[in-house]
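Below is one structure; the comments refer to it alone.
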Amino acid sequence: MSASSGDTERGFAAFEGVELGLTPGVAPGTLLRQAREALGFALADVARHTRITVRNLEAIERGAYQDFHGRIYAVGFARSYARFVGIAEQPIAIAVRDAYAQAHPAQQAHHWA
């Protein structure tokens with residue numbers, strides 16, 4: 001099976017037509033917040049279970065990726081948050097990577113984040 005050009009798309013557009021419980025075009029932090037609220041959790045609950053500070057969780061929800069010292073933190077924290085609220089981690093990670101890159105265009109990406 002050969003890869004089509006659609007397979008190389010990044011972000012939510014790559015998942016069009018695939019049921020993941022995500023809404024294309026909605027910021028990853030907004031999706032995480034909505035899921036958390038739907039489950040009835042406060043940020044303190046998420047912080048306690050994920051060991052991510054409330055300050056960092058708030059930054060993820062706001063899309064304030066400039067608050068993180070590196071992309072690996074923003075992506076890793078968002079993945080943990082997604083896992084906790086039951087959202088597919090990979091699409092969240094891709095969306096956060098893309099958003100982080102837009103917030104930090106001059107910063108060179110590392111292969112592990």
Side-chain angles (χ1 to χ4, degrees):
M1 180 188 282
S2 66
S4 69
S5 63
D7 292 338
T8 60
E9 290 180 359
R10 297 189 49 89
F12 290 114
F15 298 95
E16 188 171 317
V18 177
E19 181 56 47
L20 294 172
L22 301 178
T23 306
V26 176
T30 300
L31 290 170
L32 292 168
R33 180 185 49 76
Q34 289 172 344
R36 173 181 61 77
E37 290 173 348
L39 292 169
F41 289 115
L43 279 173
D45 298 320
V46 180
R48 186 171 40 260
H49 286 90
T50 62
R51 298 183 182 177
I52 301 168
T53 65
V54 169
R55 181 179 56 105
N56 284 328
L57 293 169
E58 289 171 337
I60 290 168
E61 287 188 355
R62 288 191 326 269
Y65 302 111
Q66 69 277 4
D67 292 356
F68 295 96
H69 294 290
R71 183 175 72 170
I72 194 167
Y73 296 105
V75 172
F77 291 164
R79 287 181 78 106
S80 293
Y81 191 166
R83 188 177 316 119
F84 179 76
V85 296
I87 293 178
E89 296 173 42
Q90 190 63 25
I92 291 292
I94 291 168
V96 170
R97 282 183 195 129
D98 291 347
Y100 188 92
Q102 289 176 0
H104 299 85
Q107 199 172 49
Q108 188 171 9
H110 297 285
H111 69 282
W112 61 82

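Residue numbers count from 1 along this sequence. Everything quoted here is computed from the prediction, not taken from an experiment. These numbers come from the heavy atoms of this one structure, side chains and all, not from hydrogens, waters or symmetry mates.
- Counting heavy atoms of neighbouring residues, nucleotides and ligands inside a 6.0 Å radius, atom CZ of R55 does not exceed 12 of them.
- From F77, atom CZ reaches atom CD1 of I60 across 7.0 Å, with rounding to the nearest 0.5 Å.
- Residues L31 and I92 share a closest heavy-atom pair of CD1-CD1, 4.3 Å.
- One side chain, Y81 or E61, offers a donor N or O that lies under 3.5 Å from an acceptor on the other.
- Residues A99 and Y65 come closest through the heavy atom pair CB-CE1, 3.4 Å.
- The two residues D45 and G40 come nearest to each other via the heavy atoms OD2-O, 4.5 Å.
- Ring to ring, F68 and Y100 are not that close: their centroids are 6.0 angstrom or more apart.
- Nearest heavy atom pair, residue I52 against residue S80, reads CD1-CB, 3.8 Å.
- Taking the side chain to side chain contact (heavy atoms under 4.5 Å, CB included) definition, one finds that Q66 meets it with A64, H104, sequence neighbours left out.
- Between A78 and V96, the closest heavy-atom pair is CB-CG2, 3.7 Å.
- Residues A47 and V54 share a closest heavy-atom pair of CB-CG2, 3.8 Å.
- Taking CG of L43 as the start and CD of E37 as the end, the distance is 8.5 Å to the nearest 0.5 Å.
- Rounding to the nearest 0.5 Å places CZ of R33 at 13.5 Å from CG of L57.
- A donor-acceptor contact shorter than 3.5 Å links the side chain of R36 to the backbone of F41.
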